[in-house]
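Note that the structure is a prediction, hence the values are computed from the model and not measured.
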Amino acid sequence: MKQIEFRDWLAGYIYDNYQNVLIETDDYGNLYVTKTTDQQDYINCVIAHLDINQQTYTSNFSIVNAGQFIVGIDNNTGKQIGLGHDDKTGVYFALKALQVFPNLKCFFPLNEEIGCLGSKESNDDFFKNVGFMVQLDRRGHNEISSFTNGHDTVTYSTQLEFDPVLARYNFVWARTVSTDVGVLIQKYAIQGTNISCGYNLEHTNTEILDVLRYGTCEKFALGILKVTDGKKYYMPIKTTTNSTALIKPPHGTGR
């Protein structure tokens, strides 16, 4: 499975390029990263799924910068194809956030595109000290979810707390459909949200990433993580449990 290959590459990249990180996987194959430099009761978590869903798959492609846009070109046909910005852009943001914050968790689940299956098998222990969850898995450039997977993502008081950040970057609250963070909110009774990250026409051969607008989305999402850093945002909903044990990947336990 290509997402497993990507997971292993990503784990190795994080191990080689980041300090104070613990890298783990579970029996399902999800990837967990914990970065800590000091004692903190609650740690934010960034989520980004590892699978993609595209019209055309090929190993012979080029990544092209077309002005402020990034697009993919099939080298065999010369035609545009999608690069899987949904959710490789979210993965890129997770790596950026790991650079910025001394204390952060990242969860990289498998199989979001076929029903958020990896998130449904997530490890309970990893999320026990998570304070707030952020996922960048939304098209466009100015939306933050207040509703997804059939339920609220944040409380009204949290919306009020975030509103100054929304105003600064011209973001708006939106009702969205489904992604991993929606599963995890219900499972663990922790607030979270899904944020636009600059891609459009996802899953198609005409998929694009607007780099300039991604930059604004990145600043906005980092702003939300700064507001929530070190705090716990409970969600008043019924929870479920799963006790899959974490296991160490072949490349080590991190550092």
Side-chain angles (χ1 to χ4, degrees), residues 44-49 63-72 82-101 104-107 112 130-182 184-185 190-204 206-233 235:
N44 284 329
C45 182
V46 175
I47 302 153
H49 63 83
I63 300 172
V64 178
N65 293 316
Q68 71 185 63
F69 303 104
I70 293 178
V71 300
L83 293 171
H85 292 304
D86 174 7
D87 195 24
K88 294 299 186 290
T89 305
V91 173
Y92 179 85
F93 173 77
L95 295 176
K96 176 67 176 182
L98 279 171
Q99 291 179 338
V100 172
F101 292 95
L104 189 73
K105 289 191 168 189
C106 293
F107 175 51
E112 185 269 354
V130 169
F132 190 82
M133 300 180 291
V134 163
Q135 184 163 8
L136 272 69
D137 188 28
R138 175 70 178 166
R139 72 179 70 90
H141 64 280
N142 70 336
E143 292 186 346
I144 175 173
S145 68
S146 60
F147 182 95
T148 194
N149 298 63
H151 56 81
D152 292 336
T153 64
V154 293
T155 63
Y156 179 65
S157 61
T158 299
Q159 290 188 48
L160 293 178
E161 185 179 5
F162 291 178
D163 277 345
V165 188
L166 272 72
R168 187 180 312 142
Y169 293 101
N170 296 313
F171 266 67
V172 297
W173 292 105
R175 292 172 66 90
T176 59
V177 180
S178 177
T179 193
D180 298 292
V181 73
L184 299 169
I185 290 167
I190 305 167
Q191 294 180 58
T193 192
N194 187 20
I195 296 173
S196 295
C197 56
Y199 65 67
N200 281 290
L201 303 170
E202 67 277 8
H203 304 169
T204 75
T206 52
E207 176 199 54
I208 61 171
L209 175 66
D210 187 321
V211 177
L212 293 181
R213 285 180 165 172
Y214 165 78
T216 301
C217 297
E218 179 183 282
K219 292 176 182 177
F220 172 77
L222 291 174
I224 294 296
L225 289 172
K226 288 175 183 176
V227 168
T228 57
D229 191 31
K231 295 184 282 186
K232 183 73 172 185
Y233 290 78
M235 195 67 181

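- The shortest side-chain heavy-atom distance between Y233 and V130 does not fall under the 4.5 Å cut-off.
- Looking at K232 and I190, their side chains come closer than 4.5 Å, going by heavy atoms from C-beta outward.
- No side-chain donor-acceptor contact under 3.5 Å links T176 and N194.
- The local environment of NZ in K88 is crowded, with over 12 non-hydrogen atoms from other residues, nucleotides or ligands closer than 6.0 Å.
- Aromatic ring orientation, F220 versus F171: parallel (interplanar angle below 30°, classes split at 30° and 60°).
- Evaluation of the side chain to side chain donor-acceptor pair (under 3.5 Å) rule for Y214 yields E218 as partners, not counting sequence neighbours.
- Listed for the T179 side chain is no donor-acceptor partner under 3.5 Å among the backbone atoms of V181.
- At most 12 heavy atoms of other shown residues, nucleotides or ligands fall within 6.0 angstrom of atom OH in Y92.
- Between W173 and I144 there is a side-chain heavy-atom pair separated by less than 4.5 Å.
- Within the structure, ring pair (Phe, Tyr, Trp, His ring centres under 6.0 Å) pairs that include any residue of residues 133-155 do not occur (at least two apart or interchain).
- Open room surrounds NZ on K219; 12 or fewer heavy atoms of other groups in view lie less than 6.0 Å from it.
- Using a 4.5 Å cut-off on side-chain heavy atoms (C-beta onward), E112 and D87 make no contact.
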